[in-house]
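The block underneath contains the structure these notes are about, expressed in structure tokens.
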Amino acid sequence: MHMTPSELQVLRRDNSEGKKAMDVESSKAAVMKAESPKKHKRRNICLGVTAAVILFIFLLLLILGLTVFKPKQPTTTVDSTSISDLKVSLDAARLRVDVNLTLDVDLSIKNPNKVSVKYKNSSAFLNYRGQVVGEAPIPAGKILADKTQPLNVTVTIMADRLLSDSQLFSDFMAGAIPFNTLTKISGKASIFNLFNVHITSTSTCDLLVFVSNRTIGDQKCKYKTKL
């Protein structure tokens with residue numbers, strides 16, 4: 001096919017422009033190929049730095065949790081026990097004693113930890129020779145770090161539980177009735193919202209209620225804390 005000079009000139013121009021476009025695309029591909037390893041390397045460096053920072057923070061929190069914030073045992077102490085109300089009636093014919101007794105027990109819970117301790121609803125019990133004869137609730141609460149929380153508990157005897165105990169008459173005639181108080185408080189300490197340490201503090205006190213002068217004597221207490 002015969003082409004005129006003008007048509008040949010247009011064809012040469014089109015070929016030239018097509019070649020330039022191909023050269024530009026090849027250059028772009030070469031640049032992208034050269035930059036791809038660099039981007040990959042930078043991404044790996046960022047991921048590595050992030051992982052190292054997270055690991056450092058975790059190790060720091062772990063070290064603090066095992067040293068400065070290491071869990072310590074809170075202690076429950078019975079500061080005093082007093083008689084709020086005492087009524088005793090003797091049925092000599094039946095060899096029976098009716099006792100209505102209300103005790104005020106002042107407790108204190110010391111939290112030596114660097115974080116606060118939250119404790120659940122608990123109870124205080126009054127026992128007579130191994131039998132539970134009185135109970136009082138201890139509402140849930142919170143003890144701040146390095147603080148001592150005072151608690152007052154009022155325990156009243158459930159008289160019907162004592163009527164069937166034959167030893168009560170003998171103790172009454174002897175002038176002193178033995179009782180035991182038991183307080184158990186359970187809670188937990190949260191360290192950095194990462195570690196939860198469960199704590200149980202128990203106090204038991206043996207005491208005598210002297211009927212004649214309505215006083216308490218010979219009180220001996222034991223304390224136990226479990227992490």
#### Entry: Sub-4.5 Å side-chain heavy-atom contact between Val153 and Leu107
yes
### Task
Answer whether the closest heavy-atom distance between the side chains of Lys188 and Ile199 falls below 4.5 Å.
no
### Task
Please test Lys114 against Asp146 for side chain to side chain contact (heavy atoms under 4.5 Å, CB included), starting from the C-alpha separation and ending with a verdict.
CA-CA 6 Å; Lys114 299 300 181 182; Asp146 289 321; 3.2 Å; yes
### Query
In Å and rounded to the nearest 0.5 Å, what is the CD to CG distance from Glu135 to Asn127?
10.0 Å
### Query
Would you find a donor on one side and an acceptor on the other, under 3.5 Å apart, between the side chain of Ser122 and the backbone of Lys120?
yes
### Message
Please check: side-chain N/O of Asn111 versus main-chain N/O of Leu144, any donor-acceptor pairing under 3.5 Å?
### Response
yes
### Query
Roughly how far apart are Ile177 CD1 and Arg129 CZ, rounded to 0.5 Å?
10.0 Å
### Query
Judged by atom type as modelled, is there a donor-acceptor pair below 3.5 Å linking the side chain of Thr183 to the main-chain atoms of Ser203?
no
### Task
Measure across Ala176 and Pro178 and return the closest heavy-atom pair with its distance rounded to 0.1 Å.
O-CD, 3.8 Å
### Task
For the residue pair Thr81 and Gln219, establish whether any side-chain heavy-atom pair is separated by less than 4.5 Å.
yes
### Message
Is it the case that the side chain of Asn180 and the backbone of Cys205 share a donor-acceptor pair, with hydrogens and angles ignored and the cut-off at 3.5 Å?
### Response
yes
### Query
Has the side chain of Asn113 got a donor or acceptor atom that lies under 3.5 Å from a matching backbone atom of Val115?
no
### Query
Do Ile109 and Ile185 come within less than 4.5 Å of each other through their side chains, counting heavy atoms only?
yes
### Task
Let me see the working for Tyr128 and Asp171 under side chain to side chain donor-acceptor pair (under 3.5 Å), right down to the final yes or no.
CA-CA 11 Å; Tyr128 172 73; Asp171 291 332; 2.4 Å; yes
### Query
What are the two closest non-hydrogen atoms of Val117 and Ala189, and how far apart are they?
CG2-CB, 4.0 Å
### Query
For the hydrophobic clusters of this structure (ILVMFWY residues joined by side-chain heavy atoms under 4.5 Å, transitively), does one cluster hold both Leu126 and Val132?
no
### Query
Does any donor atom in the side chain of Ser108 or Gln149 lie under 3.5 Å from an acceptor atom in the other side chain?
no
### Query
Quick check: does any side chain N or O of Ser186 sit under 3.5 Å from a backbone N or O of Thr200, one acting as donor and the other as acceptor?
no
### Message
Quick one, Ile83 with Val209, criterion side chain to side chain contact (heavy atoms under 4.5 Å, CB included). Give me CA distance, side-chain angles, the key distance, then yes/no.
### Response
CA-CA 9 Å; Ile83 296 175; Val209 173; 3.8 Å; yes
### Message
What I'd like to find out is whether the side chain of Val88 reaches to under 4.5 Å of the side chain of Val97, using heavy atoms alone.
### Response
yes
#### Entry: Shared hydrophobic cluster for Leu86 and Leu168 (ILVMFWY, side-chain gaps under 4.5 Å)
yes
### Query
With no hydrogens and no angle check, do the side chains of Thr156 and Thr102 hold a donor and an acceptor under 3.5 Å apart?
yes
### Query
Do Ile157 and Asn100 have side-chain heavy atoms sitting under 4.5 Å apart?
no
### Check: Tyr223 and Val78 side chains under 4.5 Å, non-hydrogen atoms
yes
### Query
Can you tell me how far the OG1 atom of Thr154 sits from the CG atom of Asp104, to the nearest 0.5 Å?
4.0 Å
### Task
Check whether any side-chain heavy atom of Leu182 sits under 4.5 Å from a side-chain heavy atom of Thr202, and report yes or no.
yes
